[in-house]
2 protein chains.
Amino acid sequence: MRVLVVEDERILADTIAEGLRRHSLAVDVAYDGDAALERLGVNEYDVLILDRDLPTIHGDEVCRSVVESRSGTRVLMLTAAVQVSDRVSGLALGADDYLPKPFAFAELVARVRALGRRSRTASPPILERAGIRLDPNRREVQRDGHFVRLSRKEFAVLEELLRAEGAVVTSEQLLERAWDEHIDPFTNVVRVTLMTLRRKLGPPPVIETVHGVGYRIP
Amino acid sequence: MRVLVVEDERILADTIAEGLRRHSLAVDVAYDGDAALERLGVNEYDVLILDRDLPTIHGDEVCRSVVESRSGTRVLMLTAAVQVSDRVSGLALGADDYLPKPFAFAELVARVRALGRRSRTASPPILERAGIRLDPNRREVQRDGHFVRLSRKEFAVLEELLRAEGAVVTSEQLLERAWDEHIDPFTNVVRVTLMTLRRKLGPPPVIETVHGVGYRIP
DNA sequence: GTTTTCGCTTACGGATTCCTTACGGATCAC
DNA sequence: GTGATCCGTAAGGAATCCGTAAGCGAAAAC
């Protein structure tokens, strides 16, 4: 899942980003409203984590623009203010959720995941398919009842394949959804990651290769 | 995804085209406004990369014509000018995005991708006809209930024939839609691909030859 | 502080696909 | 009928795609 964090306090922004990455999310960061709009124009995000008080362009503006674009990106508003009025006006702008600072990190992760779920067809919190069971919140995977230990990237790739619900996912889509924008587009990490993933999942094979197109879990 | 690059500096145009092809996009090139309009009349593109200063017909004209045609083609304007006024007027003409020269190639790719996503028509339903069932998302084909494994080209050709809904599709049309313009127009790949396709689909025959015209699935 | 894991790159062999060439049979116009 | 064109098929080499091994620096785990 692809997330954009917009927050002008750099240390906080980077901390959030790093934390989310540990949960196998692909995270980009912007430190002001301008940069945020630019990133949103170039990439497609499932969730936008948005501070309200931003330089150059106010968070409310960014939010309005995202909502109007009907891109399917969900907005999670952060704000220092504790007042209910803020919450109300934030939601009025079309934000999908609201989290007052300070917040517990686990809370943030849970909400991001919940929003990410909504951005697709309302899928259950646990993904299950072809003998694979994946719990995004606990970051756990089982194959035929046995727990399998996956790295961040392996987990992210498997999650995307499961979310596709049998549809073919191209390598490029995997790159876009499981890696952030700094990745070299000519890389073959996808191939390598798929190999280790398949090895860890063990026989019989679950991930199918569609030659010249991509991969899928039937 | 299908892209048309319109740029009068040939070296730049060819460089862009080649780079995009490396990213698995089907790319055509036009070197002036006239040629651009001609290509646009003949083929359907997801994204049009358009230089503003063009011989014969100005880029603004081309842009306006594309927008008015409501073809669903997204326009990415290139321009040497750095002035904001240009950006404004470009977007006023209906361009969907704007990139000032010089630009980083990765940036171009990213934006083309973003536009292509927007152009994509809603996820295609399953195509069914004459005992053939084709699911574009899962990349699966069934003949009378039996799964058939097809290569990329075979799949593309079959998809075009099914989309025609019984109408005759000429070899030229197949070449244009399932291949990009690189292909030698005198080739007989279509014939060859049709042969392997028919063989894989097995008897009784489903793809009919209309002598001197093309092919169809009645 | 040492060991292990992770994420990634490079390299290469094997599998698959794609396309060209070549040729014989089918179809059409006259 | 017969010549011209169109179509189907075989075969093989080139190009592409994919899986895997090996190795390396950085981060994490111990």
Side-chain angles (χ1 to χ4, degrees), chain A residues 14-15 17-19 21-27 139 141 148-158 161 168-175 178-203 205-216, chain B residues 18 21-26 139 141 148-158 161 168-175 177-203 205-216:
Chain A
D14 294 343
T15 308
E18 191 45 39
R21 289 195 189 106
R22 284 170 185 271
H23 285 260
S24 295
L25 303 177
V27 186
R139 255 222 56 176
V141 173
V148 181
R149 209 170 140 265
L150 298 183
S151 78
R152 281 188 225 178
K153 294 298 183 194
E154 289 156 2
F155 189 91
V157 167
L158 182 58
L161 288 173
V168 176
V169 185
T170 69
S171 309
E172 287 159 6
Q173 285 173 326
L174 286 175
L175 260 195
W179 276 263
D180 65 32
E181 62 185 358
H182 299 301
I183 189 73
D184 165 22
F186 298 98
T187 183
N188 82 336
V189 261
V190 174
R191 258 154 60 200
V192 174
T193 304
L194 261 145
M195 194 197 64
T196 59
L197 181 54
R198 292 209 250 227
R199 185 177 293 162
K200 287 188 182 179
L201 291 178
V206 270
I207 302 173
E208 192 176 281
T209 302
V210 181
H211 193 102
V213 187
Y215 302 88
R216 68 185 198 118
Chain B
E18 195 44 42
R21 287 195 190 104
R22 284 172 187 276
H23 287 257
S24 311
L25 304 175
R139 292 249 161 196
V141 172
V148 181
R149 229 179 117 254
L150 298 183
S151 80
R152 201 167 19 155
K153 294 294 185 199
E154 289 155 4
F155 192 93
V157 167
L158 182 58
L161 289 172
V168 177
V169 184
T170 69
S171 306
E172 288 78 19
Q173 285 173 326
L174 287 175
L175 261 192
R177 294 178 194 169
W179 280 263
D180 66 28
E181 291 207 340
H182 263 171
I183 192 78
D184 165 22
F186 300 105
T187 183
N188 81 337
V189 263
V190 174
R191 261 155 53 198
V192 172
T193 305
L194 262 147
M195 192 199 66
T196 59
L197 181 53
R198 292 209 251 227
R199 183 178 295 162
K200 287 187 180 178
L201 291 178
V206 270
I207 302 173
E208 190 176 282
T209 302
V210 181
H211 193 96
V213 187
Y215 302 88
R216 73 191 194 109

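Atoms considered below: every heavy atom in the structure, side chains included; atoms not considered: hydrogens, waters and symmetry mates. Computed from a predicted structure; not experimentally measured. Letters A, B, ... mirror the listed sequences (proteins, then strands); counts begin at 1.
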Separation of [N] [atom2] from [X] [atom1] (nearest whole Å):
X	N	atom1	atom2	result
A:L150	C:dC6	CG	C1'	13 Å
A:R198	D:dA21	CZ	P	13 Å
A:W179	C:dG7	CH2	P	9 Å
B:L194	D:dA10	CG	C1'	16 Å
B:R149	C:dA15	CZ	C1'	10 Å
B:E172	D:dC7	CD	C1'	14 Å

> Can a salt bridge be assigned to the pair A:R152 and A:E18 using a cut-off of 4.0 Å between side-chain N and carboxylate O?
Replying inline: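 Between A:E18 and A:R152 there is a salt bridge, with a charged N closer than 4.0 Å to a carboxylate O.
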> Reckon B:F155 touches a base, only the sugar-phosphate, or nothing at all at heavy-atom distances under 4.0 Å?
Replying inline: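 Result for B:F155 = nothing.
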> With a non-hydrogen cut-off below 4.0 angstrom, is A:Y215 in contact with a base, only sugar-phosphate, or nothing?
Replying inline: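 Sugar-phosphate contact only - A:Y215 comes under 4.0 Å of backbone atoms but never of a base.
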>> Can you identify which nucleotide, out of C:dC8, C:dC18, D:dT9, has its nearest atom closest to the A:K153 side chain?
In response: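 The listed nucleotide nearest to A:K153's side chain is C:dC8.
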>> Please pick, from C:dC6, C:dT16, C:dC18, the nucleotide with the shortest atom-to-atom distance to any side-chain atom of A:K200.
In response: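 Of C:dC6, C:dT16, C:dC18, C:dC6 is nearest to the side chain of A:K200.
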> Would you say the side-chain atoms of B:R216 pair up with the backbone N or O of B:V210, donor to acceptor, closer than 3.5 Å?
Replying inline: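 Judged by distance alone, no pair lies under 3.5 Å.
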>> Please encode protein proximity along nucleotides 24-30 of chain D as a string of B, S and -, counting only heavy-atom distances under 4.0 Å.
In response: ----S--
> What is the per-nucleotide protein-contact pattern of nucleotides 21-30 of chain C, from the 5' end, where B denotes a base atom under 4.0 Å from a protein heavy atom, S denotes such proximity for sugar-phosphate atoms only, and - denotes neither?
Replying inline: BB----SS--
>> Which residue in the set B:K200, B:R199, B:R139 passes salt bridge (charged side-chain N to carboxylate O under 4.0 Å, His left out) when paired with B:E154?
In response: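 Option passing the salt bridge (charged side-chain N to carboxylate O under 4.0 Å, His left out) with B:E154: B:K200.
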